[in-house]
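Please find one structure pasted underneath; my questions will follow.
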Amino acid sequence: AVLCEEYGIGWELRVNETGMTFEFVERTDRSATVVFSPDLDNLKNAEYVRSMETYRNAGEVGGEGDGAQQAVVNLGSAEGIARFEEYMDSGIGRENGMSKADYNKLLRQFGKSEITKLKKKESISGEIDTDGVYKIDQDFFLGDIVTVKLDQGITATTRLIEIIYSDETSGTNVIGTFEEWEV
């Protein structure tokens with residue numbers, strides 16, 4: 001999954017009369033031409049989620065040693081309820097002749113690079129009109145990067161990662177889920 005994300009490759013599982021087919025697909029950036037928005041009447045019941053589940057702005061980085069003897073440096077200046085902390089074991093040992101100040105710099109560098117990966121995340125899902133202005137499998141495809149604009153002024157360039165077709169008495173609803181992005 002990580003390799004697929006890194007290289008912009010997705011996959012499709014399609015059910016047909018004879019069974020299922022699975023294929024890898026490479027999609028395109030159509031964000032300049034394909035826009036989903038309630039204003040364009042092609043995105044309904046949109047749900048916007050902002051998650052702080054993985055967000056961290058402070059932490060402790062552990063170095064060599066155990067228990068009370070372990071080398072530890074603190075990161076971040078946030079305090080109280082604004083502090084979201086993570087403990088990170090660096091696995092970095094202190095080389096012979098390295099000063100304590102240099103070792104602490106090394107631990108701090110490690111912690112800063114790790115903590116930048118722990119950001120707030122946002123995502124959007126909603127019913128998309130696949131037979132309106134933009135036709136699925138013609139103007140856009142599952143896995144393509146598109147633009148999503150919500151009434152609240154939220155705009156994202158994101159990948160369409162899931163499409164669920166739901167047959168109901170009122171007709172077929174198409175629920176699209178867009179890839180989560182970091183803020």
Side-chain angles (χ1 to χ4, degrees), residues 1-59 76 78 81-86 88 112-183:
V2 174
L3 283 175
C4 285
E5 282 181 36
E6 186 176 332
Y7 291 100
I9 303 223
W11 54 270
E12 289 183 10
L13 181 64
R14 294 188 183 263
V15 179
N16 55 36
E17 304 81 40
T18 60
M20 292 187 270
T21 58
F22 178 90
E23 73 181 272
F24 288 103
V25 289
E26 185 175 8
R27 296 302 186 204
T28 347
D29 183 346
R30 299 180 195 280
S31 59
T33 56
V34 177
V35 179
F36 291 103
S37 170
D39 290 342
L40 299 173
D41 205 28
N42 62 2
L43 181 63
K44 300 175 186 113
N45 303 322
E47 181 179 327
Y48 166 75
V49 175
R50 184 172 187 174
S51 170
M52 298 201 20
E53 185 177 329
T54 59
Y55 174 66
R56 302 293 183 266
N57 61 4
I81 63 170
R83 187 175 177 91
F84 295 87
E85 192 171 287
E86 178 83 9
M88 298 162 270
K112 285 181 181 177
S113 74
E114 289 299 303
I115 213 161
T116 58
K117 300 172 189 172
L118 303 171
K119 300 191 179 218
K120 299 173 189 168
K121 302 206 179 207
E122 296 178 315
S123 64
I124 296 175
S125 65
E127 287 181 45
I128 57 177
D129 182 0
T130 59
D131 292 319
V133 176
Y134 308 117
K135 309 274 189 265
I136 193 163
D137 294 336
Q138 183 179 331
D139 299 311
F140 70 97
F141 300 84
L142 180 64
D144 283 350
I145 296 171
V146 298
T147 298
V148 180
K149 292 184 180 182
L150 297 182
D151 297 332
Q152 302 88 343
I154 297 166
T155 300
T157 300
T158 183
R159 188 176 305 276
L160 179 61
I161 60 169
E162 180 181 49
I163 296 176
I164 298 173
Y165 295 90
S166 171
D167 288 323
E168 299 176 9
T169 55
S170 60
T172 300
N173 291 332
V174 180
I175 312 293
T177 303
F178 301 93
E179 187 173 46
E180 193 172 68
W181 64 93
E182 296 177 345
V183 290

Any chance you could measure R56, atom CZ, to E114, atom CD, to the nearest 0.5 Å?
13.0 Å
Donor-acceptor pair, side chain of T54 and main chain of K119, under 3.5 angstrom
yes
Please round to the nearest 0.5 Å and tell me the distance separating atom CZ of F178 and atom OG1 of T157.
11.5 Å
Any heavy-atom pair between the side chains of T33 and F140 that's under 4.5 Å?
no
What are the two closest heavy atoms between V35 and L40, and how far apart are they?
O-CD1, 3.5 Å
Nearest heavy-atom neighbours spanning N45 and E127
ND2-OE2, 2.7 Å
How about K112: does its NZ atom have over 12 heavy atoms from other parts shown lying under 6.0 Å from it?
no
Using atom types as modelled and distance alone, determine if a side-chain donor or acceptor of N57 lies under 3.5 Å from a backbone N or O of A82.
yes
Just verifying a value: how many Å separate I145 CD1 and L160 CG, rounded to the nearest 0.5 Å?
11.0 Å
Hey, could you give me the NZ/CE distance between K120 and M52, rounded to the nearest 0.5 Å?
5.0 Å
Do K121 and E53 come within less than 4.5 Å of each other through their side chains, counting heavy atoms only?
no
Is a side-chain donor or acceptor of D29 paired with a backbone partner of V146 at a separation under 3.5 angstrom?
no
In this structure, CG of L118 is separated from CD of E85 (nearest 0.5 Å) by 12.5 Å
Of all heavy-atom pairs between K44 and D41, which one has the smallest distance, and what is that distance?
CE-OD1, 3.9 Å
Is a donor on one side and an acceptor on the other found under 3.5 Å between the side chain of R83 and the backbone of A78?
yes
Heavy atoms only: give me the nearest I136-I163 pair and the separation to one decimal.
CD1-CD1, 3.0 Å
Just by modelled atom types, is the R30 backbone N or O under 3.5 Å from a matching donor or acceptor in the T28 side chain?
no
Provide the closest heavy-atom pair for N16 versus M20 in the form atom of the first, atom of the second, distance.
OD1-N, 4.4 Å
Are L43 and P38 close enough that some pair of their side-chain heavy atoms sits under 4.5 Å apart?
yes
Check whether any side-chain heavy atom of T158 lies under 4.5 Å from a side-chain heavy atom of F36, and answer yes or no.
no
Least distance between heavy atoms, K149 atom then T155 atom
CG-OG1, 3.7 Å
Rounded to the nearest 0.5 angstrom, the OH-OG distance for Y48 and S123 is 8.5 Å
